[in-house]
Amino acid sequence: MLALKRGTIADLLVLLAVWAGLVLLFGEFSTGFLSPATLGSVANRIPALLLVATGMTLLMVTGGIDLSVGSVLGFCGTVVGVTMVDWGWSLPVAIVASIAVGLALGATNGVVSVKLRLPSFIVTLGMLEIARGLAFLAAHSRTKYIGDAVEGIGTPIAGLVVSPAFLCAVVAVVLGQGLLSLTVLGRQLVAVGANIEAARISGIAVDRPRIAAHALLGALTGLAAVFNCSRLGSADPNAGVGFELSVIAAVVVGGTSLLGGRGSVAKSFLGVLIVATLEAGLVQMGASEPLKRVVTGIVIVVAVLADTWRRRE
Amino acid sequence: MLALKRGTIADLLVLLAVWAGLVLLFGEFSTGFLSPATLGSVANRIPALLLVATGMTLLMVTGGIDLSVGSVLGFCGTVVGVTMVDWGWSLPVAIVASIAVGLALGATNGVVSVKLRLPSFIVTLGMLEIARGLAFLAAHSRTKYIGDAVEGIGTPIAGLVVSPAFLCAVVAVVLGQGLLSLTVLGRQLVAVGANIEAARISGIAVDRPRIAAHALLGALTGLAAVFNCSRLGSADPNAGVGFELSVIAAVVVGGTSLLGGRGSVAKSFLGVLIVATLEAGLVQMGASEPLKRVVTGIVIVVAVLADTWRRRE
Amino acid sequence: MILSARHLTKRFGAVTALADVSFDLRAGEIHALCGENGAGKSTLIKLLSGVHPFGSYQGELVLDGQEARFASIRDAQDAGIAVIYQELSCIDELSVAENLFLGRPPRRLGIFVDRPEAERRAAAALARFGVGLDPAAPMRSLGIGQKQLVEIVKALLRESRVLILDEPTAALAEHEVEVLVAILRDLRARGIGLIYISHRLEELARLADRVTVLRDGATVATLPIAAADPETLVRHMVGRDVRDLYPRRSTPLGTPLLEVRDLAVASGRDGLRLTDISFDLHAGEVLGVGGLMGAGRTELLAHLYGTWGDRISGRVQLDGRPLHAGGPAARLRAGLAFVTEDRRRYGLCLEQTVGFNLSLSSLGRLSHAGVLARGAEAARNREWYEKLGIRAAGLAAIVGRLSGGNQQKVVLGKALMTLPRVIMLDEPTRGIDVGAKMELYALVNALTAAGCAVLLVSSELPELIGLSDRILVLSRGRLTGVFEREQATPEALMRAALAAPLARPDAA
Amino acid sequence: KPANPPGTDPSARPKVALVMKSLANDFFSTMADGARRHQAAHAGDYELLVSGIKNETDIGEQVNLVEQAVAQGAKAIVIAPADSKALVPALHRAELQGVLIVNIDNRLDADVAGQAGLKAAFVGPDNRDGARRVGEVVAGKLKAGDEVAIIEGVTTAFNGQQRRAGFEDAMKAAGMTVVATQSAEWEMDKANAVAANLLTSHPKLRALLCGNDNMAIGAAAAVAAAGKSREVLVAGFDDIGAVRPLLADGRLVATADQHADQLAVDGIELALAALKSGQPGVDRATPVDVVTR
Ligand SMILES: Nc1ncnc2c1ncn2[C@@H]1O[C@H](COP(=O)(O)OP(=O)(O)OP(=O)(O)O)[C@@H](O)[C@H]1O
Ligand SMILES: Nc1ncnc2c1ncn2[C@@H]1O[C@H](COP(=O)(O)OP(=O)(O)OP(=O)(O)O)[C@@H](O)[C@H]1O
Ligand SMILES: [Mg+2]
Ligand SMILES: [Mg+2]
């Protein structure tokens with residue numbers, strides 16, 4: 001359906017093998033890892049990461065990057081908190097507000113970097129500071145407890161081990177991959193990332209897909225903020241500090257190029273799974289925080305190396 | 001002396017004007033900002049940032065980047081702490097050890113990314129995790145108090161308002177700019193960043209300058225860690241979290257390109273001054289933490305924009 | 001008259017690229033544009049095609065009797081003007097069909113690419129122009145000639161009435177040029193107006209109907225092809241008479257400088273790429289290397305320079321000393337220099353200055369203990385800048401803004417500054433104008449007169465024959481002929497070049 | 001800048017700098033608000049400079065703030081140090097320049113302060129005792145031998161260490177088994193992940209003792225997601241506004257109120273008294289109340 005080419009399937013298999021290897025390894029060396037409960041808890045932890053990784057993949061395909069996703073996640077979360085707790089909005093309206101705010105910030109990143117011809121790295125570095133500041137201002141630096149009204153999205157569905165948020169994130173991954181490989185916009189994202197001059201000369205209005213990718217990532221980050229709030233039952237203006245690096249690591253482990261022109265949402269999904277499983281497994285084995293970080297760092301480099309080598313052959 | 005070209009001098013003047021503008025602005029709108037004490041305190045807080053920005057400029061000129069400098073700073077700091085406190089080494093020996101460790105980690109970044117042909121962004125993202133983990137392991141997650149033995153470097157010299165560390169950092173800036181514009185290695189750094197294929201065919205052994213830039217940045221980070229310890233009188237394994245972004249922001253405000261092939265250590269120096277002055281001035285004016293971050297974010301983008309526009313004309 | 005340009009003037013800061021140029025194109029004609037590097041050819045077509053939008057120039061464009069004001073490339077395309085640019089504009093990451101429909105793919109439900117439809121239409125279009133390519137093939141798997149053909153088909157798919165080609169044959173081998181010529185004649189017969197830019201004057205005679213010559217941004221003459229013999233054209237282009245295009249002055253041969261014996265080279269897992277290659281290159285000699293595209297000429301030079309392939313067997317000696325492993329740095333030290341065919345990609349740091357590029361290979365000699373002797377460097381740069389007659393705003397000019405011929409001189413100057421004994425030139429005149437070519441030929445003569453040896457790869461047979469003392473011909477990585485100057489006729493070279501039939505045809 | 005009441009010469013009022021940890025944290029913004037209210041009520045007595053850092057690990061920036069307060073001419077610095085050792089040298093330098101130092105909230109390391117010769121008075125809670133009493137509430141609802149786990153804050157922070165120790169004291173006294181202690185660096189999200197894994201790797205776990213309320217919220221969410229709300233008890237520290245509903249419905253069994261709004265005020269008042277009298281103040285313990293509902 002998604003019209004994947006043979007090479008792509010092989011790529012997916014490599015990542016799947018890495019993931020399966022990790023699962024089996026942790027299953028072997030720790031107790032209770034291979035239980036539905038543990039695997040379900042891994043699944044329910046990653047919806048926000050999945051959504052943002054999907055958007056980041058599409059953006060990185062164009063050759064852009066967004067360092068502000070962590071801050072935007074924090075700010076959109078406070079929007080959910082403030083609108084629901086202080087203003088008494090209902091969840092659906094708050095979700096729309098959060099997505100709209102994310103969209104606006106993402107579009108700002110896109111318009112400023114594309115129209116003023118500044119590297120997106122710098123513009124979003126600025127936004128990283130700005131959005132975090134806004135989050136604290138909006139929340140008066142206070143954590144907001146939202147409670148049941150928002151928790152449903154993040155809690156496992158009765159009978160299933162996974163949450164609505166996870167299912168929703170999986171749908172977003174499928175749609176994102178479809179967007180990339182089946183739509184006109186998707187092909188334009190690739191063209192712009194691979195060779196922007198050629199794309200321009202071919203009659204593509206190159207600014208549009210680039211701005212669209214930024215805006216879409218912003219909107220997905222807005223939705224991710226809702227999922228994050230639902231998992232914690234509260235909105236914390238500190239949420240998402242350092243999140244951008246986790247997202248980029250997962251996307252890059254999934255084989256998306258930092259230089260643009262090449263990337264796959266499906267592979268980013270596996271990248272997220274690998275990173276999340278690694279983290280959960282290390283905790284399960286009782287690894288200390290420092291050790292966890294050392295192992296995570298090594299695995300990131302090795303995973304990218306494996307992917308690159310496969311491609312070089 | 002540094003044989004700067006006319007365009008470069010104009011660039012420097014633009015940045016100098018921005019800095020002077022900030023100083024006057026803050027002098028106008030807050031009390032006591034224009035005192036030697038305040039300006040001195042700005043000077044004494046930046047030596048570590050200056051050193052690392054110098055190394056980062058040289059690396060970014062080659063088209064590389066290092067996200068691990070904050071973690072390496074933390075780890076090298078714990079090296080100073082452990083060797084001086086637990087092992088009783090003298091300061092000079094501890095300084096050498098810290099620089100050697102930084103050099104080794106930087107060289108590892110360089111060798112892995114250059115020889116295995118991985119983007120330095122990813123390799124150093126891995127190192128960001130690894131070095132932080134090592135810092136906690138080495139320090140057993142505790143701050144080490146070192147005391148007088150190390151503080152001298154960071155305290156203002158009697159009669160002068162600035163510290164030995166600041167003077168040392170200024171010397172490093174001068175040497176770094178000299179390296180870039182007066183030596184063969186400097187030329188090679190630029191050539192490799194501008195067009196690596198052309199550099200290779202021109203007879204440059206292109207791996208060497210790239211690894212050298214990584215290693216040099218590592219060594220400078222090692223020295224910066226000493227300066228950081230001297231300010232705190234102690235070694236904290238948490239030191240330098242988020243430092244990489246401050247460094248990159250300062251370097252980029254100074255007009256160094258993220259794509260390589262263009263950069264100036266002297267301008268990075270002004271970039272550091274601008275960012276540090278901004279921060280100090282906002283505190284002086286009593287700006288709240290959130291507001292500070294919003295303003296900093298905007299200033300980063302605007303400064304880069306101003307630099308880019310000047311160049312485009 | 002489909003398209004007319006009236007009194008166009010275009011300035012870039014202080015540079016006037018076009019000064020009051022007028023030009024017209026009829027339906028069903030091939031109108032050639034000639035001129036030296038920097039004459040303004042590319043600038044003119046950028047105005048015609050909306051790259052430089054209306055308002056950024058003076059004068060007017062008239063399309064079908066109506067004034068046309070293009071705000072963007074897209075506007076010009078919609079008006080039926082298509083351009084094949086000097087630098088290829090394909091996306092390696094996409095398939096042939098996707099490249100063909102990049103700007104406006106067939107859609108389903110408004111947002112989806114209708115892939116089957118795109119591939120069906122692509123196959124039909126490719127077949128119509130006799131290009132036998134799989135529409136689903138990834139673009140990166142194509143050779144440069146095939147990419148060029150895809151570009152042309154892409155332009156034609158838009159049902160353009162005006163097709164502009166900026167040096168389309170610069171990267172093509174002779175037999176691919178034939179395919180192109182056939183396609184262009186066909187288009188002319190269908191009433192399309194074509195503008196054709198080329199530095200290969202011989203091509204024009206059999207292709208063009210009229211020729212317009214530009215010099216220093218102004219129109220010098222528009223001639224019917226019958227009146228446009230090469231001598232006349234060259235006189236218009238350079239503003240003076242050029243009697244002998246290839247003034248090779250043979251020098252007595254000296255000792256052998258480069259000796260290659262039974263060379264066989266493999267590359268990665270692709271297997272053997274060069275086999276059974278033996279030759280000598282003497283001091284004072286120009287040794288030409290001919291062959292079709294893909295014959296392995298670039299690979300031969302690159303291997304000798306230490307940047308390509310693993311040697312399986314054979315011996316290479318420079319000045320009596322064996323050349324082993326070691327990259328360009330070792331080669332340059334030994335006295336072997338190389339000028340690449342793709343100067344923008346492999347030759348220059350485009351954002352840097354002329355001076356920076358000139359001295360880049362000679363930094364060792366221009367420094368003490370790693371510190372540059374900037375005075376000596378400036379003097380040496382100035383010396384070569386003048387010797388080569390580089391036309392730019394001085395040593396501090398940014399190389400990327402120079403015209404093609406002057407960029408080529410900078411690459412050459414960089415190689416020559418290392419004072420090599422043997423210099424290898426790969427397509428040194430690609431995309432440079434007659435005047436610059438003449439200067440280069442003179443330079444080659446001066447080099448051999450000074451006792452250097454030159455190994456010259458060129459796809460232009462007249463140039464190869466006119467300039468070389470002896471010519472080697474390669475075919476599929478083998479040496480299939482060695483010709484003395486007297487025996488080297490185009491026919492003989494072609495026969496040797498085709499000696500071993502190609503396993504898969506490069507282009508249909 | 002605060003408005004000057006008519007008739008007062010601003011230069012005659014002493015400047016007191018309140019240097020805090022993360023201003024991006026509920027606890028410290030409450031503290032800052034308390035101080036600002038106090039200053040507004042006593043505008044004639046002193047001028048207040050409030051500053052804080054990005055996050056609690058940004059110690060270098062806190063040193064900057066201390067130096068800048070000195071440069072701004074502060075007569076006293078009331079500080080909640082982000083690190084109990086690394087701030088000592090900077091504070092000592094300030095003291096040498098005649099600035100009075102009052103240490104609040106997080107106690108400076110006594111050895112290090114002694115070594116440097118710093119004479120700052122301490123106003124603040126006994127974190128260890130507070131945590132012990134929170135732990136006792138939890139222990140009262142369990143039976144001896146039950147499994148519990150501790151989620152601690154940034155491991156280099158003294159108050160974090162104290163709270164961990166307090167929890168351990170209580171558990172030891174009640175005969176519980178502490179099966180795991182992991183750091184979540186004061187963060188809600190990290191605590192959520194750590195708690196989720198602790199719950200699956202220790203199925204018999206009965207309680208999670210968290211070093212602050214943000215982490216407790218994250219842990220409580222993990223407990224709810226695992227469907228163990230009735231089996232696993234969660235406790236926190238700080239009593240931030242957001243935990244009230246959690247306490248009310250029992251998802252959090254206890255937390256500790258350190259009276260953040262009063263803490264800074266106490267520090268400031270001690271500083272003003274010391275400035276007036278010329279005598280350095282004496283340490284003062286502020287109350288910590290266990291909150292269960
Ligand atoms: N973007 C630009 N900025 C500044 N100068 C330019 C620019 N584009 C072209 N020029 C200048 O305009 C003049 C004409 O250049 P143009 O590219 O049209 O020459 P050309 O005839 O196509 O040469 P070639 O045969 O080398 O392709 C040259 O002097 C060139 O340096
Ligand atoms: N022996 C060979 N067998 C198959 N493919 C080859 C062989 N030699 C070269 N090729 C391929 O043909 C293409 C062009 O090769 P190369 O650059 O050597 O051609 P060339 O003779 O130098 O022609 P030109 O310089 O005009 O492009 C490359 O893609 C190369 O990989
Ligand atoms: Mg041209
Ligand atoms: Mg070739």
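Naming convention: chains lettered A, B, ... in sequence-line order (proteins, then strands); numbering from 1 in each chain.
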Could you check which of A/E129, A/R132, A/M127 has the highest count of heavy-atom pairs closer than 4.5 Å to chain B? A/E129
I'd like to know which of B/L258, B/L67, B/I300 tops the heavy-atom pair count under 4.5 Å against chain A. B/L258
Report which part of A/V112 has an atom under 4.5 Å of a heavy atom belonging to chain B: side chain, backbone, both, or neither. side chain
Need one label for B/V252: side chain, backbone, both or neither, based on atoms under 4.5 Å from any heavy atom in chain A. side chain
I need the B/E289 CD to A/S141 OG distance, nearest 0.5 Å. 8.5 Å
Identify the two heavy atoms, one from A/L134 and one from B/V294, that lie closest to each other, and give their separation to 0.1 Å. N-CG2, 4.0 Å
Is there any residue in residues 234-250 of chain B with a non-hydrogen atom under 4.5 Å from a non-hydrogen atom of chain A, and which ones are they? B/L245, B/I248, B/A249
Taking every heavy atom of B/I122 against every heavy atom of A/V301, the minimum-distance pair comes out as O-CG2, 4.2 Å
Is there a side-chain contact between B/L128 and A/R293 in this structure, where contact means two heavy atoms from C-beta onward sitting under 4.5 Å apart? yes
Residues which pass ring pair (Phe, Tyr, Trp, His ring centres under 6.0 Å) with A/F121, listed by chain and number, not counting sequence neighbours: none
